[in-house]
Protein chains: 2
Amino acid sequence: MAKAAATMHGQRTPCQHCPLRSLPHFREFERDELNFISGFKKGELLVDAGATIFLEGAHSAHLFTILSGWGFRYKTLEDGRRQILNYVMPGDLIGLQGSIMGEMQHSTEALSPISLCVFERTELMTLYNSHPPLAFDLTWIASREERILDEHLLSVGRRSAVERAAYLIAYLHQRARALHLFNSSKVIPITQQHVADTLGLSVVHTNKTLKKLAARKLLLWQERGCEVLDGDGLAELAGWDGLDSGKRPFI
Amino acid sequence: MAKAAATMHGQRTPCQHCPLRSLPHFREFERDELNFISGFKKGELLVDAGATIFLEGAHSAHLFTILSGWGFRYKTLEDGRRQILNYVMPGDLIGLQGSIMGEMQHSTEALSPISLCVFERTELMTLYNSHPPLAFDLTWIASREERILDEHLLSVGRRSAVERAAYLIAYLHQRARALHLFNSSKVIPITQQHVADTLGLSVVHTNKTLKKLAARKLLLWQERGCEVLDGDGLAELAGWDGLDSGKRPFI
DNA sequence: CGTGTGGTTGAACAATGTCAAGCTCTGTGG
DNA sequence: CCACAGAGCTTGACATTGTTCAACCACACG
């Protein structure tokens with residue numbers, strides 16, 4: 001199932017030349033902050049599509065920032081039922097929950113090949129001591145995740161199947177677009193099984209639901225993913241206001 | 001509908017004698033931290049049952065810690081469908097999301113009379129600058145909320161109606177018990193409408209689902225609330241591991 | 001060539017929602 | 001003290017939504 005290949009490198013991209021920092025989506029950093037983070041970064045990690053980055057129950061010594069690629073966080077029940085909680089994309093810090101509170105209570109898997117910046121959990125407290133604005137950013141990052149989960153919960157709990165699907169695709173589209181991820185592929189690299197497990201639906205019903213959206217010319221389902229034709233139309237159908245457009249911090 | 005009565009007091013309970021601090025559930029504080037927080041606290045606020053504490057879209061200048069009472073966070077769709085996101089109880093910090101990120105994107109309402117400690121948003125950065133361990137606690141608090149939302153999402157997305165209901169009641173029971181909230185009443189002060197809006201079900205179906213749990217002698221539905229007969233049984237039925245039993249910080 | 005993964009479809013069935021009515025409290029005003 | 005109204009709970013009949021099962025298809029890959 002999961003090809004668990006992972007390769008560790010020494011530091012390749014220095015934070016000062018991080019390709020993500022030039023995106024208008026992220027806030028600017030002080031030189032001092034940048035230097036600190038560069039020292040905080042221990043190296044880079046490459047994982048294959050399908051690889052598990054974190055497993056529920058683990059106590060990881062590391063946390064990561066996604067440099068490139070797509071992945072998702074999920075939880076499972078004992079009998080195998082799976083719920084996808086959220087998707088991770090470049091600039092996202094993963095493993096913070098586990099680093100702050102101890103044990104990881106969800107798993108994280110790669111949807112595409114992913115490259116990661118590696119940080120060490122034990123050095124987190126140094127960050128809090130020496131760089132209060134970065135500490136604030138960490139709380140900001142956790143609050144943002146909370147906010148997104150609020151919206152997902154509203155979606156799964158109260159939106160109809162069509163609305164839910166429309167919301168999910170609109171959400172992924174907005175995030176990916178802000179990160180300029182559609183320069184090469186234009187396709188969101190998920191299967192209908194992923195959509196089903198995110199929306200709390202069966203694959204069969206998900207398939208029929210996506211067909212309805214395709215019939216309305218809102219999206220197109222390709223091999224290995226989804227192409228968005230009308231992101232605003234999807235958001236409107238879902239009754240969703242869209243994401244914050246302001247700049248956000250990242251570590 | 002909402003009786004919006006609220007009364008502001010000067011500081012009544014000094015943080016050094018906060019009744020919550022003596023609970024084994026919370027972590028101990030340094031004298032220095034306690035002094036800082038005591039200065040951070042601007043007063044106390046009393047709100048009636050049914051009152052709205054935060055409204056979606058507002059930019060509140062304050063954040064609060066619950067001293068006593070029950071409440072809940074929720075979001076609504078334009079046509080009125082409501083999703084309850086989580087419940088708030090003594091020791092919970094509310095309004096952090098809004099304080100960190102700007103606008104509040106959910107509402108908060110009191111289930112019972114609530115007393116609140118009042119803090120000012122503008123002084124948050126002082127906390128980050130002067131007390132790194134407290135800053136860490138704030139991130140911890142945000143991460144904890146995230147973790148709870150993860151579990152809720154799993155519940156609403158993948159558990160059956162009976163499992164969901166069992167999980168919710170077990171969850172509320174465990175939290176309230178850890179806070180010694182059942183000394184007086186033994187009853188969780190919610191209506192079946194609240195349960196329905198938390199689980200993403202209709203009230204009618206919720207009623208029938210709760211009857212099944214009552215038939216199994218797991219709980220008892222009273223006027224104005226729910227009494228738990230077998231918390232472990234509920235958790236087991238839901239396939240839920242329960243909350244962390246460790247101490248947690250609070251501000 | 002097989003084989004596997006992911007997508008598609010229809011039919012039977014189960015879970016949940018909607019509607020409508022009635023019931024039991026509690027609080028309120030006459 | 002009684003009548004009434006409203007909130008919350010309960011129940012049954014029926015409609016809708018979503019699930020399960022069982023095929024089958026198309027394509028990529030070894």
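Proteins get letters first, then strands, A, B, ... in listed order; numbering begins at 1 in each.
Per the geometry, CG belonging to A:D197 stands 16 Å off P belonging to D:dG18, to the nearest Å. To the nearest angstrom, P of D:dG18 lies 14 Å from NE2 of B:H205. Regarding A:R158, its CZ atom lies at a distance of 13 Å from the C1' atom of C:dT18, rounded to whole Å. The NZ-P distance, from A:K212 to C:dT9, rounds to 13 Å in whole Å. Counting to the nearest Å, the P atom of D:dC9 and the CD atom of B:Q222 are 11 Å from each other. Note: NE2 (A:H194) to P (C:dG6) measures 8 Å, nearest angstrom. Summarising the geometry, the separation between CG on B:L213 and P on D:dT10 is reported as 13 Å, rounded to the nearest angstrom. Between the CZ atom of B:R164 and the P atom of C:dT16 there is a distance of 6 Å, given to the nearest Å.
Counting non-hydrogen atoms under 4.0 angstrom, A:T191 reaches the backbone sugars and phosphates but no base. A:K208 comes within 4.0 angstrom of a nucleotide base, judged by non-hydrogen atoms across all strands. Counting any heavy atom pair closer than 4.0 Å across all strands shown, A:G225 reaches no nucleic acid atom. Contacts of A:V203 with the nucleic acid, taken as non-hydrogen atoms under 4.0 Å apart, are absent. Residue B:E223 is classed as having no contact, given no heavy-atom separation below 4.0 Å to the nucleic acid.
For B:W221, taking side-chain heavy atoms from C-beta onward, the closest of the listed nucleotides C:dT8, D:dC9, D:dG18 is D:dC9. For B:L201, the side-chain atoms get nearest to C:dT16 when compared with the rest of D:dA22, C:dT16, C:dT18. With D:dT10, C:dT16, C:dG10 as the choices, the nucleotide that has an atom nearest any side-chain atom of B:A161 turns out to be C:dT16.
An OP1 or OP2 oxygen of C:dG7 is reached within less than 4.0 angstrom by no side-chain nitrogen or oxygen of A:K211. Between B:N207 and D:dT10, a side-chain N or O to OP1/OP2 separation shorter than 4.0 Å is present.
In this structure, B:D244 does not pair ionically with B:R144, as no charged nitrogen and carboxylate oxygen lie closer than 4.0 Å.
Using modelled atom types and a 3.5 Å distance limit, the side chains of B:Q105 and A:D150 yield no donor-acceptor pair.
Both tests hold for A:R159 against A:Y167: distance to the six-membered ring centre under 6.0 Å, angle to the ring axis within 45°.
Between A:H106 and the options A:K75, A:Q83, A:R73, a side-chain hydrogen bond (donor to acceptor under 3.5 Å, both in side chains) holds for only A:R73.
Using bins of under 30°, 30° to 60° and over 60° for the plane-to-plane angle, the ring pair A:W70/A:F182 lands in the tilted bin.
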